[in-house]
Amino acid sequence: MENLTPMMKQYLEIKNNNKGSILFFRLGDFYEMFFDDAIETSKLLEITLTGKACGNGEKAPMCGVPYHSAKSYIQKLINFGKKVAICEQVEDPKDAKGIVKRDVVKIITPGTVLDDDMIEGSSNNYIMAIITDEDIVYMTYADITTGEVNNITTTYQEVSNIFFSVMPSEIIMDDIFLKKMKENSFKNSKIINNFLIENNVVQNTANYENIEEFISDNNLADKIPSLIQIYKYVYDTQKFFDINFFYEKNQVKYMSLDYYTIKNLELIESIRKNNSYTLFWVLNKANTSMGSRLLKQYLLKPLNDENEIRQRLNKVSSFVEHYSVSTGVSHILREVYDLERISNRIVYDTVSHRDLLNLKKSLKAVNEIKNIFKGENDSRFEELYEVLSKNDLMPIINLIEKSIEEIGEDFKKEHIIKSSYDEKLAYYRDLLENTSNILIKMERDEREKTGIKNLKISYNKVFGYYIEITKAALQNFNMPSDYERRQTLVSSERFINNNLKKIEEEMLSAKQGESQLESSLYKEVKEELKNFIPKIMQVAEMISQIDVYTALAKTAIENDYVKPMISTDGNIVIKNGRHPVIEKLLPNEEYVPNDTDLTSSETHIITGPNMAGKSTYMRQVAIIMLMAHIGSYVPASFAQIPIIDSIYTRIGASDDLSMGQSTFMVEMTEVSNILKNATQNSLIILDEIGRGTSTYDGMSLAFSIVEYICEHIKAKTLVSTHYHELTALESKYKNIKNYCMLVDDSKEIKFLRKIVLGKADKSYGIHVAQLADLPYEVLERANIILSKLETSEKKSSKKYNQKSEQDQVSIENFSKDNNLRIVQKIKDLNIDEYTPRQAMDLLYKIKSELR
Ligand code: ADP
Ligand code: MG
């Protein structure tokens, strides 16, 4: 350290206190980075790496970005999952003794970016904290651009579902949680860990430094530890904290969706990330960013309380039934800006002149919307009118109206505060305007007096006001006695006289007075607006809801959806159901609607060739169920749906473009989650289960999984499979029904995309191969092999039936005896005689005997 330059010493000291961030060190017009920061940043930003002498004979690696374009570089680093600490000069160089004081004024991180250019309007940007206490897990997630905070006290079991309904861009964890996650010791912990890595989610450890002080300073003693961590983090990064800006969202009861369901149903992101064909894409007709954000939240947290679902459905139906009200309202909603984020900028003192005008415009629009509701004779609108009327917006509108100047079309720098807002301000401005008139008059007078026609009166910053006379004109110039020389230029002389001196003084003090007064008045207005923030936030919340209702009404009308009825018998009845996304992607009316009649605790086994429409049909049922649970109309001509507690989906391994782990292992892990967590009130979708392993393994598993669901869980279940053998289960279980996709193979194979009762008798694989134009010899040979295989399978299945009857008897015998005898029996088994399927069955039986 000794020989380092003072600047380097200062740098290292500050860097030492900000180890987790890339330090942007302000030097003149640049932010510079040094050492490892420089090496890393130069790579990420593709900027030149240079060096700077440190004073000890060595050179520090260095790179830099210009101050004025820093934003785009910071944004890039944030997208790479980095944190950036902004270090500025914090004293006027004039006052500095020695080196100018510098300090970190703010840390920009993915979960705490406030800058509107760096975040997407239609998405929330969440930071999440997870703090544990033995088996209790405290989870808080917040969007600091909107002030929304959610607190949940839960268990390890629930963490992953909550995590994936939020998908934070930054996370704070305590050591114990981090350790458990790395050890993969709770449900889906590995999936969370992978998500964090793949999405560059910044991970922080909980910070307990000075926490007691922070808690007592801000009266946080009654808050849960994860919330305190979020607050602390906001304070540490923003160097500022205002608890009044955060509002806790009411936790409604919602359906928990696991990661795979969110992914497989393509709710907000498509599986192939390069297209945007998602349910959100179809439904998002919102007119404000606030509405889009709320709709996304609805999709990830479908309700599961009957009352709340009914209420939402009724709100949406009021807008469907009075569609002119809906279009009227959505038209006005276009005038509403992002009130949540403007409020946030008021809090953090980054609000702009234009923001304030947009705030006024938005609130005026809200009043207009209120008036539309007032005129309607429907109690549902009256209710909305009442809620909106709770907050009188006129004081806010009036304050901005009377204080803030409009911005002209020409973008010329104009006043921010209206002259009419303050007498003194008006006085200064009059004076300034008058003086410029006086100057014009004075110039005229001086020209006359001196006879010099090109005499000019002007102003510059260094010398102030002056009278300028060209050298040529000076030749026969009789200088008035009160002229004083100010400055000599090559081609002219500049003078000042008493009169001008007096004007100059007045002018300068008026100018200074005006700008000081304007900025203090502007500050006052902004401070006053802070008092209105809770009010604005409440209105924002209502407006986002109204925006979602009108959006859902619009989609319902435009796409011909129907209002779902809620059934109490647990049965799903859908007539002419459609897949809301796929139907949009097919040319006019090509989508073939299908009926569903899935009785409570029933399982449907759906067979049919590849491309027949099985996956689409099953997803369609799940999506219709989900849409009903967010309060939306559904793509069908009739729908009666029961309230369910969750939707589980599993798509067979080879359909999965997964994360490069053993896909079969992933598939089984998920199935295991489903079997452990699904209830009788869940909907389960199993698409081509057991596909990721060898035929017999896969088939055996498929059998046993379906049996388990039918016997133990009794959830409403749709299973698609290419193992026709599975259809045999229909005769064994009352609650299993076989369905298949109609195929017309009278000439060429043709998919009719209609689902009907019954089972597919063949898989048509060879037909499909024929469609794909495989060489004739290959197809013919395949047909021969197939028929051989089919005859031998029939024989072996006879054998298998006899054998399993023998097993049945023997198991019954030894089940009466003690466990030791079971062990003996296992020892005696001749394993080679068993097919994997039989072995599985046997194991299953033995296990249940042991229980
Ligand atoms: P499977 O799962 O049986 O292999 P998919 O469900 O993947 O078949 O469907 C294959 C394709 O068939 C889909 O991509 C879609 O274009 C089309 N399709 C599916 N269902 C329908 C339908 N009901 N109406 C029209 N086209 C459909
Ligand atoms: Mg499929």
Side-chain angles (χ1 to χ4, degrees), residues 260-261 263-266 270-272 274-279 281-282 559-561 574-598 604-624 627 634-637 639 649-658 663 667 670-671 684-692 698 702 717-724 726-727 738-745 748-772:
Y260 288 95
T261 300
K263 204 173 102 173
N264 290 332
L265 296 183
E266 303 187 294
S270 60
I271 291 179
R272 287 164 191 78
N274 53 7
N275 71 47
S276 53
Y277 303 129
T278 62
L279 185 56
W281 167 72
V282 175
N559 298 332
D560 203 12
Y561 293 171
I574 298 168
K575 297 268 178 267
N576 295 308
R578 285 126 48 205
H579 189 301
V581 182
I582 306 285
E583 73 166 343
K584 289 256 160 200
L585 302 179
L586 296 177
N588 354 321
E589 320 260 315
E590 253 179 41
Y591 194 88
V592 181
N594 271 307
D595 297 347
T596 303
D597 198 339
L598 185 60
H604 291 179
I605 295 176
I606 305 165
T607 43
N610 246 327
M611 286 300 285
K614 301 182 295 296
S615 304
T616 309
Y617 168 75
M618 295 197 303
R619 284 189 172 93
Q620 157 190 320
V621 175
I623 290 179
I624 287 175
M627 287 172 77
V634 298
S637 63
T649 65
R650 176 55 230 175
I651 313 293
S654 60
D655 270 11
D656 190 9
L657 310 160
S658 185
T663 43
E667 179 181 331
E670 289 163 39
V671 170
I684 304 179
I685 305 281
L686 298 177
D687 194 351
E688 306 280 4
I689 199 72
R691 173 138 126 178
T717 308
L718 297 176
V719 183
S720 80
T721 182
H722 61 290
Y723 299 124
H724 309 136
L726 232 56
T727 55
N738 287 333
Y739 278 85
C740 65
M741 303 301 299
L742 267 189
V743 175
D744 173 8
D745 63 348
E748 262 196 344
I749 174 168
K750 195 168 166 237
F751 302 122
L752 302 178
R753 265 94 205 209
K754 240 339 176 203
I755 189 160
V756 290
L757 273 169
K759 58 185 182 178
D761 43 2
K762 42 187 171 176
S763 65
Y764 298 94
I766 298 176
H767 288 77
V768 176
Q770 195 173 358
L771 282 183

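Just so you know, ligand 1 is whichever comes first in the structure, and atom 1 is the first atom listed for that ligand. Computation of the quantities below employed the complete heavy-atom set of this structure, encompassing side-chain atoms and omitting hydrogens, waters and symmetry-equivalent molecules.
- Distances from the Mg ion (ligand 2) show that Thr616 has no N/O/S atom below 2.8 Å.
- Heavy atoms of Met741 found under 4.0 angstrom from ligand 1: none, in either backbone or side chain.
- At least one N or O atom of Lys614, backbone or side chain, sits closer than 3.5 Å to an N or O atom of ligand 1.
- At a heavy-atom cutoff of 4.0 Å, ligand 1 is contacted by the side chain of Leu586 but not by its backbone.
- Using a 4.5 Å cut-off on side-chain heavy atoms (C-beta onward), Pro635 and Met627 make contact.
- Here the closest heavy-atom approach between residue Pro580 and residue Tyr561 is recorded as CB-OH, 3.6 Å.
- At a threshold of 4.5 Å between non-hydrogen side-chain atoms, the residues Thr607 and Asn738 do not count as touching.
- Annotation: side chain of Met611 is in contact with side chain of Phe751 (closest heavy-atom distance under 4.5 Å).
- For ligand 1, the atoms sitting less than 4.0 Å from at least one non-hydrogen atom of Pro609 are 3 (O), numbered in the order shown with element in parentheses.
- Every heavy atom of Gly608 sits 4.0 Å or more from the atoms of ligand 1.
- Using a 4.5 Å heavy-atom threshold, the side chains of Tyr591 and His579 count as touching.
- Between Asn594 and ligand 1, a contact under 3.5 Å exists for no N or O pair.
- The heavy atom nearest to atom 20 (N) of ligand 1, out of those in Arg619, Arg753, Glu590, is found in Arg753.
- For ligand 1 and Asn610, the ligand atoms under 4.0 Å from any heavy atom of the residue are 4 (O).
- Residues Ile605 and Lys759 fail the side-chain proximity criterion, which asks for heavy atoms closer than 4.5 Å.
- Here the straight-line distance linking atom CG of Asp597 with atom OH of Tyr739 works out to 6.0 Å at 0.5 Å rounding.
- Set against the non-hydrogen atoms of Gly613, the atoms of ligand 1 under 4.0 Å away are 1 (P), 3 (O), 5 (P), 6 (O), 8 (O), 9 (O), 19 (C), 20 (N).
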